[in-house]
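In each ligand, atom 1 is the first atom listed, and ligand 1 is the first ligand listed.
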Amino acid sequence: MSLRGRLTCPPCASTFDVVTYRPESSDIPAIVLSDGQVMPKLGFGAYKVAGEQAEGIITKALELGYRSIDTASLYENEEEVGRAIRESGLPRDEVFVTTKLWNSDHGYDSAMRAFDASMKRLGLDRVDLYLIHWPLPATDLYVDTFRALQSLKRQGRVVSIGVSNFNRSHLERVIGETGEIPAVNQIELHPYFAQNELRAFHAANGIVTEAWSPLGRGAEFNDSVIIHLAEKLGRTPAQIILRWHMQLGNVAIPKSATPSRMAENLAVFDFELTGREMTQITTLDKGARQGGDPDTLDLDAPGAS
Ligand code: NAD
């Protein structure tokens with residue numbers, strides 16, 4: 001399913017074409033968001049893909065078959081992501097683009113300006129998913145910031161809106177005060193940090209769970225359970241972990257700048273884990289967070305990415 005048609009924006013008296021990601025153009029399974037848009041279940045994470053190599057790496061990802069790119073204002077590669085997509089020759093509706101609003105841009109007006117700046121750098125007609133990167137509860141502006149995202153959605157400049165690194169309490173407040181449920185929450189999630197409670201809350205509220213650092217940045221490749229399953233199934237540890245994400249119902253956005261690994265990470269749709277194997281991985285959870293804690297992470301804190 002994909003959204004087609006026109007969307008009117010009463011406050012700005014304009015009408016926009018709404019053409020969104022077309023899942024039938026790719027072999028990567030897609031998930032339907034609560035607003036009806038579809039999103040590839042596996043995408044390419046573009047953190048630390050910067051500088052001169054960035055455009056080439058994104059181009060390679062698209063050549064290998066990735067159809068979803070996760071960037072952010074913070075990653076300083078929106079220009080390269082946009083250029084790689086524009087020059088790929090792929091129709092715009094065959095690539096799903098996510099970007100994120102950085103911590104220094106919280107607040108309604110700042111968020112609107114930050115979006116304009118991201119759009120200018122991307123050079124694309126629209127963003128498919130726009131996320132608030134971190135909630136920054138101490139700053140206490142995430143509800144106003146989300147209202148800006150709602151305006152952008154009404155204006156047809158972004159198709160879906162969501163958040164990243166929001167805990168249950170942050171989500172409850174956004175939902176309670178704006179009346180809108182974020183379509184996606186992008187959170188740290190890998191076998192040693194399985195986020196079972198937050199995933200259950202997402203499921204109960206129709207929020208898609210998107211896993212960042214889905215491979216735990218490699219920290220779990222040497223786990224004996226992962227190695228055992230990889231050997232048994234003739235797959236790599238990365239493939240076992242990504243397959244676990246797919247069967248849990250997560251969206252995952254692994255990052256690699258090595259073409260063979262980028263291809264390996266996409267090749268997870270021709271095998272299946274049994275229920276027992278899924279449980280074996282899920283029980284590895286140690287609550288081992290690698291990144292920042294959303295409740296305490298401050299503006300521009302180092303743990304943010
Ligand atoms: P990841 O779990 O994707 O791991 C990346 C690391 O694993 C890299 O060092 C890479 O070289 C290695 N790797 C990848 N595939 C491999 C393979 N097949 N074999 C061996 N090694 C392999 O971690 P990440 O990069 O932190 O996260 C992925 C994406 O998530 C980022 O690029 C970014 O888009 C997003 N992200 C979002 C946030 C957020 O706050 N919203 C935070 C961090 C990351």
Check: Counting from 1, what ligand 1 atoms have a heavy atom of Pro254 closer than 4.0 Å?
Finding: 3 (O)
Next item on the list: Flag Gln186 as yes when one of its N or O atoms lies below 3.5 Å from any N or O atom of ligand 1, and as no otherwise.
Entry: yes
Notebook entry, point to check: When clusters are formed by joining ILVMFWY residues with side-chain heavy atoms under 4.5 Å apart, either directly or through shared neighbours, do Phe166 and Phe146 land in the same one?
Noted result: yes
Notebook entry, point to check: Is the Phe115 ring parallel, tilted or perpendicular to the Tyr130 ring (thresholds 30°, 60°)?
Noted result: perpendicular
Checklist line | Heavy atom of Pro214, distance to ligand 1 below 4.0 Å | finding: yes
Item checked: Heavy-atom neighbours of Glu63 CD exceed 12 at 6.0 Å -> yes
Notebook entry, point to check: Hey, is Ser164 touching ligand 1 through its side chain, its backbone, both or neither, going by heavy atoms under 4.0 Å?
Noted result: side chain
Next item on the list: Examine ligand 1 and decide if any of its atoms is less than 4.0 Å from a heavy atom belonging to Phe44.
Entry: no
Margin query: With heavy-atom distances below 4.0 Å as the criterion, list the atoms of ligand 1 near Ala238.
Written below: 17 (C), 18 (N)
Next item on the list: Between Arg217 and ligand 1, find which residue part has any heavy-atom pair under 4.0 Å and reply side chain, backbone, both or neither.
Entry: both
Check: Do any heavy atoms of Thr236 fall under 4.0 Å from ligand 1?
Finding: no
Next item on the list: Would you mind running through ligand 1 and noting each atom that sits below 4.0 Å from a heavy atom of Gly216?
Entry: 2 (O)
Notebook entry, point to check: Would you say the side chain of Trp134 lies within less than 4.5 Å of the side chain of Ser164, judging by non-hydrogen atoms?
Noted result: no
Note to self: Need the ligand 1 atom indices (1-based, order shown) with element for anything under 4.0 Å from a heavy-atom of Trp134.
What the structure shows: 40 (O)
Check: Relative to the heavy atoms of Ser256, which atoms of ligand 1 are at a distance of less than 4.0 Å?
Finding: 14 (C), 15 (N)
Check: Pick one: which of Gln195, His202, His245 meets side-chain hydrogen bond (donor to acceptor under 3.5 Å, both in side chains) with Asn250?
Finding: His245
Checklist line | Interfacing atoms of ligand 1 (cut-off 4.0 Å, heavy-atom, His133) | finding: 39 (C), 40 (O), 41 (N)
Next item on the list: Write down the atom of Leu215, the atom of His190, and the distance for their closest heavy-atom approach.
Entry: C-CB, 4.4 Å
Notebook entry, point to check: Which ligand 1 atoms are under 4.0 Å away from a heavy-atom of Asp70?
Noted result: 33 (C), 34 (O), 35 (C)
Check: Backbone or side chain, does any N or O of Leu215 fall under 3.5 Å from an N or O of ligand 1?
Finding: yes
Check: Do Ser160 and Gln37 have side-chain N/O donor and acceptor atoms under 3.5 Å apart?
Finding: yes
Note to self: Can you confirm, on distance only, whether ligand 1 has an N/O atom lying under 3.5 Å from any N/O atom belonging to Gly218?
What the structure shows: no
Next item on the list: Quick one: look at Thr71 and ligand 1, take heavy-atom pairs under 4.0 Å, and tell me if it's side chain, backbone, both or neither.
Entry: neither
Next item on the list: Would you indicate whether the side-chain heavy atoms of Pro182 and Ile175 approach each other to under 4.5 Å?
Entry: yes
Check: Heavy atoms only: which of Lys255, Glu188, Lys100 is nearest to atom 14 (C) of ligand 1?
Finding: Lys255
Item checked: His170 ring center near Tyr142 ring center (under 6.0 Å) -> yes
Note to self: Are the side chains of Leu171 and Leu198 in contact, using a 4.5 Å heavy-atom criterion?
What the structure shows: yes
Note to self: Taking 4.0 angstrom as the limit and counting only heavy atoms of Asn165, give me the atoms of ligand 1 inside it, by number and element.
What the structure shows: 39 (C), 40 (O), 41 (N)
Note to self: Ignoring hydrogens, what is the shortest heavy-atom contact between Gln239 and Phe271? Give both atom names and the distance.
What the structure shows: O-CZ, 3.6 Å
